[in-house]
2 protein chains.
Amino acid sequence: MNEHADGGRPNRSAKPADEGFQGRRTTTLSDVARLAGVSIATASKALNGRAQVRAETRAKVMAAAEQLSFSPNGLARSLLTGRSGTVGLVTHDLEGRFSIPTLMGAEDAFGSGKVSVLLCDARGDAIREQHHIQALLGRRVDGLIIVGARPDPRPSLGNLPVPVVYAYAPSENPQDCSLVSDNVGGGRLAVEHLVACGRSRIAIISGDSSYGAANDRVAGALDALDEAGLLLVGGQALFGAWTEEWGRGATRGLLAKHPDIDAILCGSDQIARGCLDALREAGRDVPGDVAVMGHDNWEILASNARPPLTSIDMNLEELGRRAAARLFEAIEGHPAHGVETIPCRLALRSSTAS
Amino acid sequence: MNEHADGGRPNRSAKPADEGFQGRRTTTLSDVARLAGVSIATASKALNGRAQVRAETRAKVMAAAEQLSFSPNGLARSLLTGRSGTVGLVTHDLEGRFSIPTLMGAEDAFGSGKVSVLLCDARGDAIREQHHIQALLGRRVDGLIIVGARPDPRPSLGNLPVPVVYAYAPSENPQDCSLVSDNVGGGRLAVEHLVACGRSRIAIISGDSSYGAANDRVAGALDALDEAGLLLVGGQALFGAWTEEWGRGATRGLLAKHPDIDAILCGSDQIARGCLDALREAGRDVPGDVAVMGHDNWEILASNARPPLTSIDMNLEELGRRAAARLFEAIEGHPAHGVETIPCRLALRSSTAS
DNA sequence: TTGTAGGCGTTATCAA
DNA sequence: TTGATAACGCCTACAA
């Protein structure tokens with residue numbers, strides 16, 4: 001046992017000076033035990049609230065721990081328990097706006113408790129993803145959440161030594177546990193709202209048709225139109241890009257062909273912003289003449305629009321929270337399978353006031 | 001030594017069945033050693049490329065490791081080395097857009113190597129921050145990066161057992177290591193660009209004056225105006241809010257009082273969007289009659305503006321990367337002190353074409 | 001009520 | 001070239 005004369009000073013008798021950060025050696029349980037004049041085992045019991053410790057002794061130990069600002073080494077503890085209290089979160093779209101709320105929800109669900117999140121950005125690259133996953137497994141994460149960049153199915157990671165939950169982009173393997181936004185329901189919700197606002201000549205300006213989400217939203221909208229006994233103006237949804245530019249152009253085209261239109265459902269808030277601009281420039285009043293809706297409820301775009309934009313919110317934070325919850329359950333031995341769908345909600349603003 | 005009859009089957013002789021995730025016990029170095037028919041020590045050396053191992057033996061061990069898909073337990077390793085290979089990243093603005101690029105840069109700088117990032121969102125709450133920091137220290141992170149929500153100085157965390165770097169929002173203590181965006185330089189850069197475009201009747205619509213950033217940007221702009229021998233139109237910068245609405249209103253006011261204005265420097269891209277709208281509606285051509293600049297280079301706003309918006313980019317990813325680098329150096333024993341300033345760069349688009 | 005001892009999975013030292 | 005063995009910091013039987 002080292003016999004270093006203590007006293008709170010930086011002490012580097014044993015180790016060489018290439019140690020890096022020159023803080024004092026972090027205090028360990030045996031430091032506490034020594035200061036309290038008890039054995040390590042007793043100190044451990046005292047600090048962990050075990051019953052077989054005299055109150056007086058416990059107090060002594062707690063005081064010593066306090067004095068040394070002792071913080072138990074989680075790594076050592078993990079080694080014992082086999083649980084690191086850590087989950088890996090691999091995102092593919094850290095710069096994008098969809099993964100962030102999901103991440104927040106997950107962070108939220110875990111953060112309160114005793115789980116920490118190890119974040120990695122794989123940037124849509126399968127190689128990088130694999131690399132990160134290996135690193136995370138090496139750190140003995142208790143589970144993984146994989147957040148996709150876009151809501152289309154992605155390859156499964158297969159059998160890993162820890163549970164995996166896919167968020168936003170589902171796994172192709174239905175045995176895996178995935179959580180996604182209910183795009184069909186979102187489209188339906190939008191049309192139902194427009195109908196409830198008394199609109200009946202509705203057109204749809206969607207986004208990039210290569211996105212499953214674009215098609216799903218349209219499908220839901222068509223369902224709802226059908227149920228309301230309405231026909232889509234123009235006969236079919238317009239597909240283009242997720243840009244304001246496309247929104248403007250498509251809107252101008254619509255107005256030219258169908259001047260009697262009274263509502264436009266857009267595939268995203270960006271498209272809707274373009275749509276609003278084009279309408280204003282064509283002298284149409286929103287929502288007086290034409291109601292407009294977006295999708296995503298991207299606050300910065302929706303609230304600053306003129307008029308503020310009614311939109312469909314995907315509840316991504318809730319999605320993240322649920323993903324965290326599912327992962328937690330799986331870690332506890334109760335894995336879920338299949339795709340779970342998170343319902344959208346209406347974010348009501350002035351562009352559709354009825 | 002345990003004498004359990006092995007065979008790759010889930011083996012839970014010792015531990016009860018409340019274990020949670022029902023994967024097979026993760027394979028350990030001793031499994032590899034046994035399969036390869038060598039001692040644990042030899043297996044370790046073989047896998048870590050130590051020299052004192054016969055090639056044939058090494059191959060045998062590697063094969064065994066491969067077959068068992070062995071992945072060394074990083075926790076055990078950390079316990080030995082005293083380094084967790086982990087840093088904590090505490091952000092205060094996970095939903096906001098400023099912390100994300102910083103986070104990305106840090107993730108980027110670390111992610112390539114062998115450091116992983118533990119992410120926490122403290123949401124501007126000092127209590128929550130303290131809580132997260134304690135948790136991170138318990139996990140024995142090798143260092144901390146604290147990312148602020150807004151660029152004003154924040155209280156120092158004081159003396160922690162690991163190095164700390166403050167990003168975006170500097171610490172109040174000049175002894176700490178902080179990295180911030182050069183807002184003064186950004187303001188200067190903007191005016192220099194406008195002047196280079198031949199503008200001389202320049203006005204400034206800034207944001208919330210309670211933000212140091214707002215004032216710094218204006219200060220830099222005024223410096224540059226002065227050096228160019230120009231006077232600010234209106235005599236002083238206009239402060240308001242970071243919104244499109246404020247941008248529109250302020251622009252209308254400017255046009256009324258100073259119809260001969262030929263450039264407007266905005267404190268943010270949102271303000272600039274409002275400014276552009278107001279100009280268009282007033283029949284002013286951009287950049288023909290009036291040049292407009294924003295700040296932040298928020299892609300989604302700047303590129304979709306009409307015309308696309310020239311803006312000042314804060315290089316936040318670079319800021320994050322640098323923060324990671326500084327932290328790394330500090331961990332290696334070479335801490336930096338004081339506030340390091342990251343220069344802005346010009347993001348040239350059509351709203352100022354000269 | 002307290003202390004001793006064993007072990008979690010690795011790595012490093014030193015002896016064989 | 002290989003293999004015991006002692007750490008790393010902690011927890012938990014079990015013994016005192």
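Convention: sequence-line order gives letters A, B, ...; per-chain numbering from 1. Just so it is clear, the values below take in all heavy atoms, side chains as well, and ignore hydrogens, waters and symmetry mates.
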To the nearest Å, how far apart are [X] [atom1] and [N] [atom2]?
| X | N | atom1 | atom2 | answer |
| --- | --- | --- | --- | --- |
| B:Leu80 | C:dG9 | CG | C1' | 9 Å |
| B:Arg140 | D:dC8 | CZ | C1' | 12 Å |
| A:Leu75 | C:dT10 | CG | C1' | 13 Å |
| A:Lys45 | C:dT2 | NZ | C1' | 6 Å |
| B:Asn73 | C:dG9 | CG | C1' | 6 Å |
| B:Arg34 | D:dA4 | CZ | P | 14 Å |
| B:Asp31 | C:dG9 | CG | P | 9 Å |
| A:Leu47 | D:dG9 | CG | P | 16 Å |

**Message:** Less than 4.0 angstrom from a charged side-chain N to a carboxylate O is my criterion; do B:Arg123 and A:Asp108 meet it?
**Reply:** yes
**Prompt:** Are the charged groups of B:Glu66 and B:Lys60 less than 4.0 angstrom apart, N to O?
**Reply:** no
**Message:** By nearest heavy atom, map B:Gln52 and B:Pro72 onto DNA chain C; which one lands nearer the 5' end?
**Reply:** B:Pro72
**Fill in**
Heavy-atom nearest nucleotide on DNA chain C taken for A:Val38 and for B:Leu79; more 5' hit belongs to A:Val38
**Prompt:** Just checking, is any N or O donor in the side chain of B:Ser156 or B:Asp176 under 3.5 Å from an acceptor N or O on the other one?
**Reply:** yes
**Message:** Is it the case that the side chains of A:Ser39 and A:Thr42 hold a donor-acceptor pair, with the cut-off being a distance below 3.5 Å and no angle test?
**Reply:** yes
Under 4.0 Å: is that the gap between some side-chain N or O of [X] and OP1 or OP2 of [N]?
| X | N | value |
| --- | --- | --- |
| A:Arg77 | D:dG9 | no |
| A:Asn48 | D:dC11 | yes |
| B:Thr42 | D:dT2 | no |
| A:Thr28 | D:dC10 | yes |
| A:Ser44 | D:dC10 | no |
| A:Thr81 | D:dC11 | no |
| B:Ser78 | C:dT10 | no |

**Request:** Report the residue (B:Ala76 or B:Ala51) whose heavy-atom-nearest nucleotide on DNA chain D is the more 5′ of the two.
**Result:** B:Ala51
**Asked** So which heavy atom on A:Thr86 is nearest to which on A:Leu118, and how close?
**Response** CG2-CD1, 3.1 Å
